[in-house]
Structure formats: structure tokens, C-alpha cells
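Every chain is numbered from 1 and lettered A, B, ... according to where its sequence line falls, protein lines coming before strand lines.
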Amino acid sequence: MKFGILINEGPYTHQATDSAYQFTKAALEKGHEIFRVFFYHDGVNNATKLTEPPQDDRNIVNLWSALAKEHNLDLVVCVAAALRRGIQEENLAEGFRISGLGQLIESGIQADRMITFGD
Amino acid sequence: MKFGILINEGPYTHQATDSAYQFTKAALEKGHEIFRVFFYHDGVNNATKLTEPPQDDRNIVNLWSALAKEHNLDLVVCVAAALRRGIQEENLAEGFRISGLGQLIESGIQADRMITFGD
Amino acid sequence: MSEEASGVVKKFLYINRKAPYGTVYALESLEVVLIAAAFDQDVSLAFFDDGVYQIAKGMDTKAIGQKNFSPTYKALGDYDINKIYVSKESLDARGLSKDDLMDLKYEDEDDDWAEKDSIHIVNSEELADLMDSQDVILSF
Amino acid sequence: MSEEASGVVKKFLYINRKAPYGTVYALESLEVVLIAAAFDQDVSLAFFDDGVYQIAKGMDTKAIGQKNFSPTYKALGDYDINKIYVSKESLDARGLSKDDLMDLKYEDEDDDWAEKDSIHIVNSEELADLMDSQDVILSF
Amino acid sequence: MQLHVVNKSPFEKSTFESCLLHVKKGSSILFIEDGIFAALNKGKFSEKVKNALENYKIYALEPDVNARGMKNKVMDGIKLIDYSGFVDLAAEHDAVQSWL
Amino acid sequence: MQLHVVNKSPFEKSTFESCLLHVKKGSSILFIEDGIFAALNKGKFSEKVKNALENYKIYALEPDVNARGMKNKVMDGIKLIDYSGFVDLAAEHDAVQSWL
């Protein structure tokens, strides 16, 4: 089955992106396909490569980058939401790309199930 | 009277930083002193110079930078919260500085009133 | 569904349960809906809980320094987005009635372009049915 | 108060009303409290509403991929932070009792280092009095 | 006496109810942002707020009321203030508590 | 039938109550994150949830329950699942609605 994921909150402040990550990983392990992970609202803040959490904490940005590399995931950051919040090509982490909201609608059309994580 | 301001949320997603800005401006206009504006939690996201909101929207980061310049405000971003969220010297907007949580406690001690804006 | 599923029409529901201005969700949800209009999908909007405040009339945002984006809702009809469902219970709990909402209209091309109401006041059971009949639900 | 007000001791109250892990406020509030300990101020902590869940015992966060930071609360006593007020009404509403909370203790240097409870269960009136007597209230 | 600031809709969050439970008689309550929805007539919380007016001074931030189109719906007895009035209230009270 | 996901504490937000008002009989409700506090025994919402069990299948995400130290407090009749079970539920239902 093909899943589309929408993430509306940034890292650390809300658990949304942790939950989305665990869900995505579990879906991939069960052999499902992830059509796309779309980052909207504060969700775009998951895509900054300048994140450096304490040593004993998870690095959420790196977790997404690594999962994307391993499974060829499409991590899309909404351009309008990103510009509002200071995410641009120059601080974009590996594995993410910036694109338009149309990519979210397309995900809704192509995926069998769309799941939103947020606050 | 001396005010200390604490801002716990980032720009745009919550009104907290708009409210804090309007409060700070009004206090300065009335002749009060602002001892310090401290940015914590997602509040650190107010300090990125990469923010580019739509033309017809306010640029919250620039508003703070300009107010700081005009009134010699001390805008302090918590270093631990900032590192968790990808705010570092290289994307820090004008008028902000990165420092430790002790600056928040000092603000509580030195200011006559401490006011928190958040979610 | 195949990779090349062009021409697929799905039922998309956009759920709005948060007040405007206190958070950005109302504005950024509206931005999604405007983009969605270009995709020829079957789009509905539901406003309930504090979401009903999003389409209240008479907003004046000058003093808070934010843009009043409420006129954009009036443009939805021009984008063929005219299925707008508003919860009666949510209005009642807030002491609001349809008169407190903006007048959202569209022109029905199947009925000689007659001007019609986009807003449908529904009760919670009707809302539950609406939600249950959707393919994709986006909540902000 | 003068610019050079060193030696000033103010009453600081840290209010915790949110559950842990769902949001970061509990963790980052704790980080402030630990720093505050170095400033020789009169520090109190209040836990009410969902904040009482912050000091529940038996947390096991392995499966959500977050760090269990609850042991840090046990260290507060060593930093002379031992005025911890917990709402009885909030516990009751959640079906919790003091037994469900971690055992937070401190050693009283004025009483031959006797080990004492840091947690005081208070009702809403006592909490209101506590809040009303503070110089600085930090809410996260 | 202290100033209690409520910025959440009472329909969405339990913040205002918790505030009412913990505020000493004679204190002031200020509604800002989405908190202003508690200050309105004819809603589910109107009766509760009307009763609260007997024990507390209650204010609402007019810029937030107007932004949300609720200008004509504010309950009698609640005083509308602007940001300058917010600053005055903060200065006049002994401390400010934000109900986040 | 759809899967309704609730991630807010019922003590903090009205989300769960709104969900209950709008969910068709026979649907499934899954508590995740701070939503799991609705799934516990002996609290203010326990009776409401117990009644809901007659009309809905109710699940709670065990990793979130354990993280919060609530392992032994989950109400009878609520099924604990892990992330893999969450994926199964999403696949088995026609659509997933997140009550944000």
C-alpha cells in the first residue's frame, strides 16, 4: 500500500515529527511504499541542516535524511511555508527538496492513504 | 519601569511573537525600559535572517531587528534551544545575540516585571 | 491505483477547527485549498469548533499588524470551491448564527449561472457522514 | 530596583501545566530550573493540570525514541530546589495519587541533613496563594 | 495583586477554566489573542464569565477582538484596552502570569 | 469506516470531545502522544471512554503509554498497539482523520 505523510510541526517542540518518523519507518519495514513526506507549517523546520541537539538526544533532521537515503524517500518542504520560516537551499539538509503545495495535493491523489501529524 | 520579555514561540505559526512585539513597542513609546527580550523554545526561530515572508505580510524578524536598532534593545536567543532548532551565528539576524539561559534568570532578577508570550 | 493515475478524482475534505490569527493554520490551510482548486478534485471544506471563527465577518486586523485574509474566502466560489459545511452546534455554542458569517456565494454553471450559497449549515451527524465519505482528509 | 542590584533575592515560580514528551516544554522548563539553581533565588515549582504527569514514575521512553529525562527531577533536591507544589485537584481529576509520583527528596541542612519530601500536595486555594506571593512567574 | 493573561480560546483549551480555579479574588484577568473568545456574549462560557466579573476585573485586548470580527459581541462589564493599556496593567500589578 | 487519531490530552484540549461528537458508530479511535491520557482508568474522562467502547473500537499507542509511565493504568477494552499496529490500522481503514 502507498502512504502519503503530512507533517505540520517542527522538531522537538511537538512530538508530531517523531511520531511521523516512527510510523514511516514501521510502514517501510512492513513492505509498504511511502509516496512522499510533505512538510508544511512549522514542519518545514525539520529540514534545516544547522540543527545540533545535545549529544544524548536524537537528531531528528539526520534521522529523516538517513531514512530518505536508505529508502529513496521523497522529502518535500513547502516553499511558501519555508520562506516564512527561514528555510532556504543554503540551510537545507540532505535528502530534502523545496517545492510547491501542488506536491501535497498530488500526494493525496496518488497515495492510498494520507496521514497527517501535527499539533 | 523595567520590563523583561520572554518569547516561547516562533514567528507566524503563533501570534505570541506579534503580541510581544506590540507590547514591547507600546512600552517603549510610554517611556518604559525593556531590560531584555529573551527567546526560548521555538521562540529562537524569530532570529533567523533567512526569513522571507510574502510581500504583503509583515516580516517579524526585521521588525525585531529594527526595533532593537532604534531602542538599543538586547535580543537574546537561548543557545541550547537554538542549536536544537538550527539557529546559529551563520543564520542569525541583525540585532540578536546567542547566549545562555542565565540571561533569562538575570532578566527576571533585574526587571521589575517579567512577561511571557507563548502558546 | 496505478502510478499513472491521471484523471483520478478523489474526495478531498479540508477540516478547519482553529480560530484565525492566534495561529497561522487558518491562513496556510486556505493557501492549500487555493492550490487544490487547480487539480480538478472533488473538494469540500468543513468549519467546526473554533474553525467557524475563520469565516466570521467584520474582521479588522490593522491593530495587530497582521493581514486580514478573510476576503480570500469570498474568492473560493470563483475557483469552483462551493461545498462549505459549517457546524450548527459549533455556531450555537459560540452564540453565532449564519448572519455572523461572511456571505460566501458561487455561480452555478449548471443552472444558468444562478448565484447560490456556498455555505451549508449542518449538524454533527451530517458532518460525521460527510467525513466518513471522504477519500482524503487534510487537517490543519 | 537599581541597576547594580546584586544580592537581590526574588521569589521565582516555575509553572508546569503541560504533559511531557507530547511537547518539549517540560524538558526545556527543567533546563531553566537547573540553571536558576545557580542564582541563589527563592525558587518554587508548581505542577498542575497536565503538568502533574511530568513527575509520574515508571516512564519508559525507549520505543518513542526520546530521552527519559524524568530522573533529573530527582536531582533537584541536590540543587536546593525543594519547594515543589502539586495540585490535589489535578491529581484527583486524573485518578492519580502521590504514590504515582516520583519520590522527590532533599536533605535539610538546617535539620542535621534529615531527608525530607520536596513534594507538597496543595489544593487550588493554596496554589492561588502561592502564585499571588511571587515576584516572577515563568510559564512554559 | 496580579495580572492573569489568558491567550487561549475556552472552547479549545482548558486554560481559562484552570485560571478561574486559581485566581485570587480581586485579581485582574486579561484576554488576548484567541483568549478573547471567552469575552463574548451569548456563548457557552458567557454565564461563567458574567459570574467571574463579580470577583475579578476583566479586560480584553481590543486589537485582538477587532481582528476576529467580534467588535460588537463583547460582554458588558469587560473593559476593552489597547497595547498601551496592556502595558499599564502590567505596570500596575505586582506580577504578570501568562496562562500558557 | 475510518480511523480517527487523537493526539491531545482530553484535560487540555476539547479535541477528543469533538471527535466523539463526529465519529460514526463502528469507526475506530486511536490515541497517540498526549492523547493516551484519555485511555486511562479512574480519571475524569474514564466514564465517557467506557461508554464510547460500546460504539467504537478504541486503541492506544503503547510506546506513548509507556513513555508517560501509564503502563498499568490503561482501561480494560482498549487495545494497546505499537507503530507496526498503527500502520496496519491505517491500511485497514478507508481513510485516516487526525484530530489536530
Quick check: does any side chain N or O of A:Thr48 sit under 3.5 Å from a backbone N or O of A:Asn45, one acting as donor and the other as acceptor?
no
Checking heavy atoms, do the side chain of A:Met1, its backbone, both or neither come under 4.5 Å from chain F?
side chain
Using a 3.5 Å distance criterion without hydrogens, assess whether the side chain of F:His22 forms a donor-acceptor pair with backbone atoms of F:Ser18.
yes
In terms of heavy-atom contacts, F:Leu89 and F:Leu3 come closest through CB-CD2, 3.8 Å
Ignoring hydrogens and geometry, is there a side-chain-to-backbone donor-acceptor pair from A:Asn91 to A:Gln88 under 3.5 Å?
yes
Let's test your reading of the structure: which of F:Val87, F:Asp88, F:Ile32 forms the most heavy-atom pairs below 4.5 Å with chain A?
F:Val87
Could you go through F:Asp34 and F:Arg68, starting from their C-alpha distance and side-chain angles, then the distance that decides it, and tell me whether this counts as salt bridge (Lys or Arg N to Asp or Glu O under 4.0 Å)?
CA-CA 9 Å; F:Asp34 289 346; F:Arg68 290 158 180 81; 3.1 Å; yes
What are the residues of residues 66-78 of chain A, in order of number, with any heavy atom under 4.5 angstrom from a heavy atom of chain F?
none
Which residues in residues 5-25 of chain A have a heavy atom less than 4.5 Å from any heavy atom of chain F?
A:Asn8, A:Gln15, A:Ala16, A:Ser19, A:Gln22, A:Phe23
Donor-acceptor pair, side chain of A:Arg36 and main chain of A:Gln103, under 3.5 angstrom
yes
Is the gap between the ring centers of F:Phe31 and F:Phe16 under 6.0 Å?
yes
So, the side chain of A:Asn46 versus the backbone of A:Val61: is there a donor-acceptor pair under 3.5 Å, distance only?
no
Spell out, as yes or no, whether a donor-acceptor pair under 3.5 Å connects the side chain of F:Ser98 to the backbone of F:Leu100.
no
If you measure only the distance, is there a donor-acceptor pair under 3.5 Å linking the side chains of F:His93 and F:Ser28?
yes
So does F:Met1 get a backbone contact from the side chain of F:Asp94, meaning a donor-acceptor N/O pair under 3.5 Å?
yes
For F:Asp64, is it the side chain, the backbone, both or neither that has a heavy atom under 4.5 Å from a heavy atom of chain A?
side chain
